[in-house]
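Accompanying notes for the structure given below.
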Amino acid sequence: MTVVVIDLDESLSVTMTTGTSKPCSYTIIYQGEEVAQYETSADPRTAGGRVGLRNIVCRRVPNYDKAVVDEQLTTSIAEHAEALTEEFGSR
């Protein structure tokens, strides 16, 4: 199992790995504390998976704009494409 950590900024990151009951497991860390952890079948490399992740981040973390989080996720997911393919397989 590979753990992929995506840093959205100095305070916010998302840890991605294979889930136990569903294909993808996400843990959202804000200022060093876990604020959400969930499993989903939505791959972060798809538009639906990214939007779902963005929505959870914006619900659980104060003062983050959806458009900014979406842009950060898009960029970071593209930068970690190889590691995500290793963890989740091809899309």
Got a list of side-chain donor-acceptor pairs under 3.5 Å for residues 45-63, not counting sequence neighbours?
from  : atom 1 : to    : atom 2 : distance (Å)
Arg45 : NE     : Asp43 : OD1    : 2.9
Arg45 : NE     : Asp43 : OD2    : 3.3
Arg45 : NH1    : Thr85 : OG1    : 3.2
Arg45 : NH1    : Gly89 : O      : 2.7
Arg45 : NH2    : Asp43 : OD2    : 2.5
Arg45 : NH2    : Gly89 : O      : 2.7
Thr46 : OG1    : Asp43 : O      : 2.8
Thr46 : OG1    : Gly49 : N      : 3.1
Arg50 : NE     : Asp70 : OD1    : 3.0
Arg50 : NE     : Thr74 : OG1    : 3.1
Asn55 : ND2    : Val51 : O      : 3.4
Arg60 : NH1    : Val35 : O      : 3.1

Next on the checklist: Using a 3.5 Å distance criterion without hydrogens, assess whether the side chain of Glu87 forms a donor-acceptor pair with backbone atoms of Val3.
Outcome noted: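 Not a single qualifying donor-acceptor pair exists.
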Checklist entry - Who are the side-chain contact (heavy atoms from CB on, under 4.5 Å) partners of Val68, not counting sequence neighbours? => result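 For Val68 the side-chain contact (heavy atoms from CB on, under 4.5 Å) partners, ignoring immediate neighbours, are Asp65, Gln72.
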Item to check | ILVMFWY cluster, Tyr30 and Tyr38 together (side-chain gap under 4.5 Å) | outcome: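 Yes; tracing contacts between hydrophobic side chains, which count when under 4.5 Å, links both residues.
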Item to check | Sequence-distant partners of Asp7, side chain to side chain donor-acceptor pair (under 3.5 Å), two or more places apart | outcome: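 Checked Asp7 against side chain to side chain donor-acceptor pair (under 3.5 Å); zero matches.
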Checklist entry - Can you list the residues that meet the side chain to side chain donor-acceptor pair (under 3.5 Å) rule with Ser90, with sequence neighbours excluded? => result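 For Ser90, no residue satisfies side chain to side chain donor-acceptor pair (under 3.5 Å) once neighbours in sequence are set aside.
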Checklist entry - Tell me, which pairs form a ring-ring contact (aromatic ring centres under 6.0 Å, His included) where one or both residues lie in residues 68-89, sequence neighbours left out? => result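 Matches after skipping sequence neighbours: none remain.
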Residues 22-29 side chain polar contacts: donor-acceptor under 3.5 Å, at least two apart:
from  : atom 1 : to    : atom 2 : distance (Å)
Ser25 : OG     : Gln37 : NE2    : 2.9
Tyr26 : OH     : Ala42 : O      : 2.7

Checklist entry - What's the spacing between Gln31 CD and Glu10 CD if we round to 0.5 Å? => result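 Reported to 0.5 Å precision, the distance equals 9.5 Å.
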Next on the checklist: Can you tell me how far apart OG1 (Thr17) and CD (Glu39) are? Round to the nearest 0.5 Å.
Outcome noted: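 Thr17 atom OG1 to Glu39 atom CD measures 9.5 Å (nearest 0.5 Å).
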Next on the checklist: Within a 6.0 Å radius of atom CD on Glu71, are there more than 12 heavy atoms belonging to other residues, nucleotides or ligands?
Outcome noted: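 12 or below, so no.
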Checklist entry - With a 4.5 Å heavy-atom cut-off, do Ser76 and Leu8 have their side chains touching? => result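 Heavy-atom side-chain distance check passes, below 4.5 Å.
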